[in-house]
Structures are given as structure tokens and as C-alpha cells.
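Because the structure is a prediction, the values reported are computed rather than measured.
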Amino acid sequence: MSKLAKVAKQHEVTWAQLNRRLISLPFNYENLFTPSVGEFVKKKAASIGSCPGYLVPCLLATTAYLTAGKSTIRCGPQEMPCNLFMVFVGPPGTGKSQALKEASLQPLHDVQDERDLPNTIIEICTSAALVKTVADNEKAFVVSPELFEVINKLLKSDEDNATGDAQTLCELFSGESSSYRYATERTREIPPNVPFSILGSTQVPYAARLLCRMDQGHGLLDRFTFIFPVCLRPSTAETETARSWLESDEVCLKQLSDIFIEMHDALTTAPASFRFSPEATQALTSLKDDFIKEVNEAIQQGFVPPKSKKIDVLQRVADSLHVFSHVTQALIQGETPSAPPREISSETLQKAKLFVEYTDTQKEIVMEVSIFLFM
């Protein structure tokens, strides 16, 4: 029996217990931001009957997509787009779809309508349609309330037909230029550093199946961030309290769409690339040296070298936190946001590091449980 077949045959109690174990890991999402921004995110999540752990990935990935359209990230000689692949996971009925709509789909549609931009949101697609959209528009954002269906279809086609869809996703994440030739269509050219992000939600058993399907050595697994947050829904009283708070005269910022419309405008004068402060750069250099050391030791000892995009993901999450916090803080204070500062602080990098380490730990737990199920 194949790995995927064994995963599919597991009883739902298995996944409920796994989810319980994953959400037992503590993480305070509000601490990713300044106190006022963190409070707004918490109240906004409660006002739609959802949780910050669902809202935050939507905010980060949507910010990454808008930012990648205007700026890159530079650290030393390396330059990369701010592309993020994020999946948040939880049981049905816990507010996943509402968070996705409120913090990504609706704001993006509002930005497109308000600023007369082409629609580059992809909710479901074939492999050829994905490449065509990216090549024609030089940007795309895959957003789906059931991402399993979208990614599973691409990866299944890749296994059955050797279409190279996994490699395509890896190249788009990294910002590599590529050329696709089809027998019945013209050649599709994708330039470097194209804005391309993936955001979606799914349930625990489907997340486990996705992780198993991605774990094929081509590096796609390392590019995806999976989040299994504490997804306890607020009571009706808590939801009403949060709504009343947002509607009060003392609160200047009401809607998430306002953040992203102002973010789009502020990014028009943003620097061509965001850089890290000297202290943050030194921290990144230490992380890179540690990783190089691990790779070299594995090679010398005859082990499989570690494969990781953790440092790339870390820089991109830090960049998204930097831009989102700057714009949102200004709106909370009733001000029109200026262009985000070029330099990303060491404090922001540290917050991103805690988030990435938390999600990596959760991913490792799911993979360990999956290996046990295969035995």
C-alpha cells in the first residue's frame, strides 16, 4: 500500500489527535506586530468569527504579493522576490474561508477595482493555465479556500505525466526566469522575480497528504509554510464586542481592504529593494554559515545534505511584516501611509524568525506522524 493510500485510510480520530498536539504548541500571533497593530488584528479576527492564526497568514501572503510587484529583497549579493507559499490548516467550521475572504480575496478585488488593475487572482487552474496567466500578466496569486484540490491536481499531473509542475512552482517561488514550449501554443516566457504567491486553507488529513506528496526531493516541500493554529472560535458575545470596538469612533481603521488599497499606493514610491539593517544582516549571515556548516558535515559523513529554504522564507516573512506593520500603524493613527522604509530592522527579523521556527516545528511533527503511519 502506498504512503498516500495509508494516509487516506486513517480514521478521523487520528487527525483530531494530531491537530490537538499541534495546537498545543503556544504562539502569540499578536506579538508579531506592534501592540496597536496586534490588537487590531486580534479584534478583526474575532469580529468575523475566526482566529488570528487564520488571519495572519492571509495578511502576510497578500502583503507579499503586493510588495513583490514593486520591490525585491536584497541581502548582500542575493536578490529575490517577496513570494510566499502559505497554507493554514484546521477543522471544518472554524472560520478558515471567512478569514481568506476577509483578509485576502475581498481586499485584492477592491484594490483591483479601485485602481483599475487586471485580475490576476487564480482560484483554480490547470498547469497550462497557470503558466499562461503568469506569462501574460507577469504576476499571479493563487488563492483558494480548498488549496488541496489545486496543489494536489498539479502534483498528481506531475507524477502521472512528468509535466514538471513541481519544478515550475519551485522556479516561481525563487524568482527564476523560465521558458515553456507547447506543441499547440506559442512559447511562454516568464521573466525573473515575477510576483507569484500561493495562499489557501485545508483540513488536517488533506494537509498531511499534501506534505507527503511534496516530500519527493524536488524542494517544493521546503518552500511551503504550513500553519496549524489554535483555531478556537470566539463566542457570539466576543464577536459582537469586537465588532462594536471596530465601529467605535475612537478606531480610525475599520476594514482590511483600506490597508491594502493604501499599501498599493504607498508601494508605488517604495524603494526598488528592501534591505536589512546591519544587525539583522549579521544575524542572517550567522544563520547562513550554520546551514553551510551542516551541509558540509553531511557531505563529509556520507549523509543526505539538509534541504531548506528557511532563510529565504525568513527574509520574505520579515519583509511582509515590515510593510504591513508600517502601513497599518499609520492608518490606525489616522495618517496616510508613506512609502515603507527601505531598511528592515533586527526586531522585525527576530519576530519573523520566531514565526518561521514555529511553523517548521509543526511541519516536522506532521512528517514524523506520517512516517509512523507508514510503518
Angle class for the F85/F196 ring planes (parallel below 30°, perpendicular above 60°, tilted otherwise)?
perpendicular
Would you say the side-chain atoms of D110 and Q106 include a donor-acceptor pair closer than 3.5 Å?
yes
Using modelled atom types and a 3.5 Å cut-off, is there a donor and acceptor pairing between side-chain atoms of S197 and backbone atoms of L84?
yes
What is the minimum heavy-atom distance between F173 and P81, and which atoms define it?
O-CG, 4.0 Å
Any ion pair linking R275 and E343 (charged N to carboxylate O, less than 4.0 Å)?
no
Which heavy atom in G38 sits nearest to a heavy atom in F33, and how many Å separate them?
N-CB, 3.7 Å
Verify side-chain contact (heavy atoms from CB on, under 4.5 Å) between V313 and D222, making sure each step is shown before the conclusion.
CA-CA 9 Å; V313 174; D222 298 325; over 6 Å; no
For residues V87 and I151, determine if any side-chain heavy atom of one lies less than 4.5 Å from a side-chain heavy atom of the other.
no
Check: Q112 and T120 side chains under 4.5 Å, non-hydrogen atoms
yes
Checking T359 side chain against V356 main chain: does a donor-acceptor pair fall under 3.5 Å?
yes
Donor-acceptor contact below 3.5 Å, side chain K363 vs main chain F224
yes
Out of curiosity, I198 CD1 to S144 OG, how far, rounded to the nearest 0.5 Å?
10.5 Å
Is a side-chain N or O of K44 found less than 3.5 angstrom from the main chain of K254, in a donor-acceptor match?
yes
Interatomic spacing from CH2 in W245 to OG in S47 - rounded to 0.5 Å
9.5 Å
Output yes when a side-chain donor or acceptor of S71 lies under 3.5 Å from a complementary backbone atom of T67, and no otherwise.
no
Output, in order, the C-alpha distance, side-chain angles, deciding distance and verdict of side-chain contact (heavy atoms from CB on, under 4.5 Å) for I122 and V150.
CA-CA 10 Å; I122 300 174; V150 179; over 6 Å; no
Distance, nearest 0.5 Å, that separates CG of L267 from CE of M263:
6.5 Å
Can F141 and T62 be said to form a side-chain contact (heavy atoms from CB on, under 4.5 Å), step by step?
CA-CA 9 Å; F141 191 12; T62 306; 4.0 Å; yes
If you measure only the distance, is there a donor-acceptor pair under 3.5 Å linking the side chains of S277 and S346?
no
Test your reading of the model: is there a side-chain donor-acceptor pair from N28 to the backbone of E30, 3.5 Å cut-off?
yes
Would a distance-only check, ignoring hydrogens and angles, find a side-chain to backbone donor-acceptor pair under 3.5 Å from D165 to T126?
no
Atom CG of L105 and atom OG of S97: how far apart are they, to the nearest 0.5 Å?
9.5 Å
Heavy-atom closest pair (S174 atom, R223 atom, distance to 0.1 Å) is OG-NH2, 3.4 Å
Taking everything shown except Y206 itself, do over 12 heavy atoms lie less than 6.0 Å from its OH?
no
Measure the shortest side-chain to side-chain distance between C51 and L232 over non-hydrogen atoms and say whether it is less than 4.5 angstrom.
no
Parallel, tilted or perpendicular for Y29 and F355, by the 30°/60° rule?
perpendicular
Within the 3.5 Å criterion, strictly below it, is a donor on E146 or T202 matched to an acceptor on the partner's side chain?
yes
Compare every heavy atom of R188 with every heavy atom of A135, then report the nearest pair and how far apart it is.
CB-CB, 3.9 Å
Using the rule side chain to side chain contact (heavy atoms under 4.5 Å, CB included), only one of I121, L130, L199 pairs with V142; which is it?
L130
Got T187 and S179 here, is their nearest side-chain heavy-atom distance under 4.5 Å?
yes
Assess the side chains of T72 and N193: does a donor N or O sit below 3.5 Å from an acceptor N or O?
no
Do R316 and L60 pass the side-chain contact (heavy atoms from CB on, under 4.5 Å) test, and can you show the C-alpha distance, the side-chain angles, and the key distance before you say yes or no?
CA-CA 9 Å; R316 297 170 190 212; L60 293 179; over 6 Å; no
Closest heavy-atom pair, F274 versus P271, reported as atoms and distance to 0.1 Å, is CE2-CG, 3.9 Å
Would you say E335 has more than 12 foreign heavy atoms packed within less than 6.0 Å of its CD?
yes
How long is the straight-line distance from CD of Q282 back to CG of L349, given to the nearest 0.5 Å?
12.0 Å
If you define the side chain from C-beta out and look only at heavy atoms, does anything of Q78 sit under 4.5 Å from D312?
yes
CD1/I344 to SG/C75 distance, rounded to the nearest 0.5 angstrom?
9.5 Å
Do other residues, nucleotides or ligands put more than 12 heavy atoms under 6.0 Å from the CD atom of E347?
no
Below 4.0 angstrom, N of the basic side chain to O of the carboxylate: do E39 and K42 qualify?
no
Least distance between heavy atoms, A242 atom then A46 atom:
CB-CB, 3.7 Å
K153 and E149 ion-paired at < 4.0 Å
no
Less than 4.5 Å apart, any side-chain heavy atom of L155 and any of L220?
yes
Are a donor atom and an acceptor atom from the side chains of T336 and E262 found within less than 3.5 Å of each other?
no
Could you tell me how the ring of F260 sits relative to the ring of F324: parallel (under 30°), tilted (30 to 60°) or perpendicular (over 60°)?
tilted
How about L59 and L256: do any of their side-chain heavy atoms sit closer than 4.5 Å?
yes
Under 3.5 Å donor-acceptor, K96 side chain and G90 backbone
yes
Check against side chain to side chain donor-acceptor pair (under 3.5 Å), T94 and Y54:
CA-CA 9 Å; T94 52; Y54 288 162; 2.7 Å; yes
